Structures are given as structure tokens and as C-alpha cells.
Protein chains: 2
Amino acid sequence: MYLKREEMKCDCNVIHEEVVSRVRQQMPQEEKLYDLAELFKVFGDSTRIKIIWALFEAEMCVCDIAYLLNMTHSAISHQLRVLKQARLVKRRKEGKVVFYSLDDKHIENIFAQGLDHINE
Amino acid sequence: MYLKREEMKCDCNVIHEEVVSRVRQQMPQEEKLYDLAELFKVFGDSTRIKIIWALFEAEMCVCDIAYLLNMTHSAISHQLRVLKQARLVKRRKEGKVVFYSLDDKHIENIFAQGLDHINE
DNA sequence: TGAATAGTTGAACACACATTCATATAAGCA
DNA sequence: TGCTTATATGAATGTGTGTTCAACTATTCA
């Protein structure tokens, strides 16, 4: 469980062993934390934030979103793919037109808390 | 408010004007959305996620964190600076040792919602 | 004072990633 | 069948960023 001194990248003496040991036991598995970072990485782009926020209000097609944000189809489509892969949006096809909408109930809460932090 | 056709990067015909118009009115100001993306960008790195999670449990010094995550002082220090600038952690100095702790009450909720999304 | 140590910081490097461009697919319509 | 249009996608490009390395500051202690 613990690393030998030779294996440590950190070479200090003031380590509070009891604290570190307790924290280590409380940490979720590495993979969960990695996935969590991946999720937030998706939120960490203003274009995607705008797309998501727009979809809070209404289902929209790629054209609508591109028009709203004054960006190219291509850029929007690429970002929608990222959101799709993160299981944050879903699609509905109607003829040539593809409508996107939100596919997650946690986002709104996450954004609200985020705004609270920013505003205080 | 609306762009002229020549100014549009998007050249399509199926725009649902009423929907876009309604969504446009509901969108927060550009700057807020940008700040929100910046905040989530901070969460979008597994090292920082681990640091934050560790600090949920206990206040720790740079040494402790470096030891816990098996990383160099320097890497941890750089990341703590990012967290500090985002007003997510605060510091307390005791002699040579600097203790870091969380400085935000929203994080725990945001993380919990994030995990919910991942786990479902 | 000077050595040792905790932490910070700037530059460099490698890697990731958002947008653009060109092209491809797929559906409606003439 | 061909033409138009909505969307998707792969490659290229430029920008951003996490870690490392080397130097630096600040504090303790002998």
C-alpha cells in the first residue's frame, strides 16, 4: 500500500502519516476520479457550455445552434459529438434535420452550483 | 440583435426563428458562461480532482499531497496555485509548512452530481 | 551566519484539443 | 436520376496546458 522511500517522487520529512493514511482510505477508486475529470473537461469549454445552456430552454437543430452562437455547422457538430459521447445530449432525426436535446438531469444542478460559486 | 445574412457563419434555411429568439433571451450574459467554463476547466484535470477530494477529508500540506498522489512538490504546487486562483482552496502557513484546505461549499455538491451522472 | 528544507515560480517540452477546411453521407425534391 | 441542403467527419493547424527541471524565496535550527 505504502511506497518505499526510493519509489517516492516526493522527498520531504514533514509528512503527516496519520492524515495521509486516513485520506487515502477515503479516496474513491482512481478510475472514478478520472471519469469525473473527464466529465468536467466536457463542461470546460465555453462553446459547449453555451450549447448546453441553450438546450436547457429548447430542443434545437444544428442549424439553430450554429445560428444562435454564430458559428459554423462543422464546429457545432464536432462539439455535439463530444456532448453525445459524454451522454449529455440525445438526438432525434426528422428528415434531413437532426434535433438535439439534453439527456441528463444532473447538469442543471451542477451549473447552478457553479454559478453560485462564481457569483459569490 | 440579429445578424444580417452576410454576417452569418451559418448558411442554412431551416432556422426555427421563434425558438432561437426565445433561447437567446434566456441565455445568461456571455461573460457568465465564459466564467462557468473556466471554473469547470479547473475541475477537468484528474490531479486537481484528486487534490480536491483529498482536501474534503482533511487539511494537508504540500508534502502530504505530493506523497499521497506520488507526485513532485512542483507539480502539486503548480496545481494548488490554479485551485487558489479559482478561489477553491485557501492556505495557512505554519513555519515552513503551508497547509491547504477547501474554500468553497459548492464543490462537494457539484462532485456528487457529477458522480451521479457517471454512475447511472 | 550558514546549512537544510518546504514551498514557489518561470521556461521548456510534449501532448491535447477547438476550429477550419474539404469532403462525405443522407434525405428531400425536381 | 441528379441537384440541393442538413449534418457528419477526417486531417491540418494553432493555441492552451500539465509536468519537469532548475533556480529561487522563506523559515528553522545549529
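For clarity, every value in this text was computed on a predicted model and none was experimentally measured. Because only heavy atoms are used, hydrogens play no part in the values below, and waters and symmetry mates are left out as well, while side chains stay in.
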Task: Within the 6.0 Å centroid threshold, strictly below: B:His16 and A:Phe99 - done: yes
Open item on the list: Taking 4.0 Å as the cut-off, does a side-chain nitrogen or oxygen of B:Ser77 come that near to OP1 or OP2 on C:dG7?
Closed with: no
Open item on the list: Can you identify which nucleotide, out of C:dA6, D:dT9, C:dG7, has its nearest atom closest to the B:Val98 side chain?
Closed with: C:dG7
Open item on the list: Between B:Thr47 and D:dT19, is there a contact of a side-chain N or O with OP1 or OP2 at under 4.0 Å?
Closed with: yes
TODO: Please state how far atom CG in B:Leu80 lies from atom C1' in C:dT8, giving the value in whole angstrom units.
DONE: 11 Å
Open item on the list: Is A:His78 stacked against the base of D:dT9, taking the criterion as centroid distance under 5.5 angstrom and interplanar angle under 30°?
Closed with: yes
Open item on the list: Tell me the interatomic distance from B:Ile15, atom CD1, to D:dA6, atom P, rounded to whole angstroms.
Closed with: 9 Å
Task: Nearest to side-chain heavy atoms of A:Ser74, which nucleotide of C:dT20, C:dT19, D:dA8 - done: C:dT20
Task: Separation of D:dA8 P from A:Leu83 CG (nearest whole Å) - done: 12 Å
- [ ] Can you figure out which of C:dA6, D:dT20, D:dT17 approaches the side chain of B:Ala75 most closely?
- [x] D:dT20
Open item on the list: Is B:Tyr100 close enough to C:dT8 that one of its side-chain N or O atoms is under 4.0 Å from OP1 or OP2 there?
Closed with: yes
TODO: Examine D:dA8: is either OP1 or OP2 under 4.0 Å from a nitrogen or oxygen in the side chain of A:Arg91? Give yes or no.
DONE: yes
Task: Residue B:His73, side-chain heavy atoms: nucleotide from C:dG7, D:dG18, D:dT7 that is nearest - done: C:dG7
- [ ] Counting heavy atoms from C-beta on, name the nucleotide in D:dT7, D:dT27, C:dA27 closest to the side chain of A:Lys96.
- [x] C:dA27
Open item on the list: What contact category does A:Lys41 fall into here, base, sugar-phosphate, or nothing, at under 4.0 angstrom with non-hydrogen atoms?
Closed with: sugar-phosphate
Task: Whole angstrom value for the distance that separates P of D:dA6 from CD1 of A:Ile76 - done: 15 Å
TODO: Report the distance from atom CZ of B:Arg48 to atom P of D:dT19, rounded to the nearest whole Å.
DONE: 8 Å
Open item on the list: When you measure from the centre of the six-membered ring of B:Phe40, is the NZ or CZ of A:Arg48 closer than 6.0 Å and no more than 45° off the axis?
Closed with: no
TODO: Just call it for B:Val82: base, sugar-phosphate, or nothing, with non-hydrogen atoms closer than 4.0 Å on any strand.
DONE: nothing
